[in-house]
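Okay, so here's the structure we're looking at.
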Amino acid sequence: MGKIKRISSPFSEKEIISLKAGEMVLLSGIILTARDQAHKRIFELIAKGEALPLDLQGQTIYYCGPTPPGNRVIGSCGPTTSGRMDPFTPEILAMGVKALIGKGRRSEDVLQAIKKEKASYFVAPAGAGAYLQKKVISSKVLCFRDLGPEAIYELEVKDFPLVVGIDAKGKDIYSRLK
Amino acid sequence: MTRKIQGTKIKETVKRLCVVSGTVLRDDIYRALKASYSAEKSGSRAKEMLKVLLDNADIAKKDGLPICQDTGMVAVFVDIGQDVVVEGGYIKEMINEGVKDAYREADFRKSVVKDPILRKNTGTNAPSVIHFDIVKGDKISISIMPKGFGAENKSKIKMFNPTVSPLEIVEFCVDVVKDAGPDACPPYILGIGFGGTMEDAALMAKKALLQPVDIKSKHKHLAELAEAIKGKANDLEIGVMGLGGGSTVLGVNVAAGPTHIAGLPVAVNVSCHALRGASAII
């Protein structure tokens, strides 16, 4: 893909602020998967006043439910539709999450929260789970194992290809498609 | 006159079709993605991403990995010759056993919940949604379509008045694509069903996706509608991953059936670019 900017997660504030919507980047480092049921579980625990089994501060969340690993590190692992997580996302960002990875558009509330918290939303190549599988170095279940593919996995990725979807200034590549 | 077919044969066939469809992208779709790749401007993000999709299909086939992690809920289309007798098992159970075996052994994701409200995963990806038809002859034809829900969620149906203009129909179908936007893995393939009753239109729409995307309808008026929808949808310039460019819709497959004097159902089934499927005749 020619000369592409390389970035690493967890992010420094300086790095987040330097990203521009529409830019292609290669991400290396640690990301946490969480999709519908993991979000629901986090909010149920908070509602009950219970402690979360993970620290979200500074983390990157990837909306993904991989296929079973078999004898590999992980199975196919592309992004799922981000919009379904919109109702949860402003609070997730308020808890300290710095970056989100998924596919598709986000709500205005999410965009404003990204701006307020100086965070970032990335889109990953959608429907390319086998390709992205090759970019994952290690994988382990962090919590909510009972949720199966919807458990929270900690992934270490290397050169995971992304496009900056919404940057910390609130610029959105999909504003023309809303 | 009757021909006996063993239930285990049906089970094995369904299993094989599930594994193949989940890991080997349909030839027609691969060709269409390749054509889109060639058509996009060199150096554009859209071209880069189409390359990723082609590489993805190559990796999936070579390594036996799922093309997409959403290995879908399986729709099974079964045409049973009326001279066939199935022995050694109930056909519906045999089909679902085949799905279970495939999803377990090929390490596909199990994405089916037993109840839409309670949402407990069955853990097997069964049951599948099975559409039976009785046809002439002594064979069983089985087509498998595992479909992810990112795209299924964007599908729509509308019951039009019979006096609706072709332009209004085109606009409705294009609006479905606009609503899907970049969310459901464009470039899309649309299956569109015109006519019948409400459920018939929806079924025709999905079945239309079984047809190759590079084949036009034999009926001129339907081919023209499909062409108009494809043209206007591509004018939206959503593009692969919503990054712009001309690859918004790879194909529009249409089907039509008799309907009532008072109505014109139009169902649009949206498929992502990873339109998967496989067929066999027993």
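Residue numbers begin at 1 in each chain, while the letters A, B, ... track the order of the sequences.
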Grab the two heavy atoms, one from [X] and one from [Y], that are nearest each other, plus how far apart they are.
{"X": "A/Cys77", "Y": "B/Gln69", "result": "C-OE1, 3.7 Å"}
{"X": "B/Leu53", "Y": "A/Ala128", "result": "CD2-CB, 4.1 Å"}
{"X": "A/Ala130", "Y": "B/Leu65", "result": "CB-CB, 4.1 Å"}
{"X": "B/Gly242", "Y": "A/Tyr174", "result": "O-CE2, 3.4 Å"}
{"X": "B/Leu243", "Y": "A/Arg176", "result": "C-NH2, 4.0 Å"}

For [X], is the [atom1] atom crowded, meaning more than 12 foreign heavy atoms sit under 6.0 Å from it?
{"X": "A/Asp146", "atom1": "CG", "value": "yes"}
{"X": "B/Lys156", "atom1": "NZ", "value": "yes"}
{"X": "A/Lys5", "atom1": "NZ", "value": "yes"}
{"X": "A/Lys178", "atom1": "NZ", "value": "yes"}

Look at the side chain of [X] and the backbone N and O of [Y], then say whether any donor-acceptor pair between them is shorter than 3.5 Å.
{"X": "B/Arg109", "Y": "A/Gly65", "answer": "yes"}
{"X": "A/Arg105", "Y": "B/Ala180", "answer": "yes"}
{"X": "B/Asp55", "Y": "A/Tyr131", "answer": "no"}

Under 4.5 Å from a heavy atom of chain B, the part of A/Pro66 involved:
backbone
When only pairs under 4.5 Å are counted, which of A/Pro149, A/Gly129, A/Ser76 shares the most heavy-atom pairs with chain B?
A/Ser76
Contact leader toward chain B among A/Ser82, A/Gly104, A/Gly148, where contacts are heavy-atom pairs under 4.5 Å:
A/Gly104
Return the option, out of B/Pro186, B/Cys272, B/Pro66, B/Cys185, with the maximum number of heavy-atom pairs under 4.5 Å with chain A.
B/Pro66
Residue, of B/Thr71, B/Asn121, B/Ile238, B/Leu236, that accumulates the most heavy atom pairs under 4.5 Å with chain A:
B/Ile238
Is there a side-chain contact between [X] and [Y] in this structure, where contact means two heavy atoms from C-beta onward sitting under 4.5 Å apart?
{"X": "B/Asp107", "Y": "A/Arg72", "result": "no"}
{"X": "A/Pro68", "Y": "B/Lys110", "result": "yes"}
{"X": "A/Thr81", "Y": "B/Asn153", "result": "no"}

Please flag which part of B/Lys178 lies under 4.5 Å from any non-hydrogen atom of chain A: side chain, backbone, both or neither.
backbone
Step by step, would you call A/Thr80 with B/Asp70 a side-chain contact (heavy atoms from CB on, under 4.5 Å)?
CA-CA 8 Å; A/Thr80 195; B/Asp70 189 348; 6.0 Å; no
Let me see the working for B/Ile59 and A/Gln133 under side-chain contact (heavy atoms from CB on, under 4.5 Å), right down to the final yes or no.
CA-CA 10 Å; B/Ile59 290 167; A/Gln133 189 268 347; 5.6 Å; no
Should A/Lys134 and B/Asp63 count as an ion pair when the cut-off is N to O under 4.0 Å?
yes
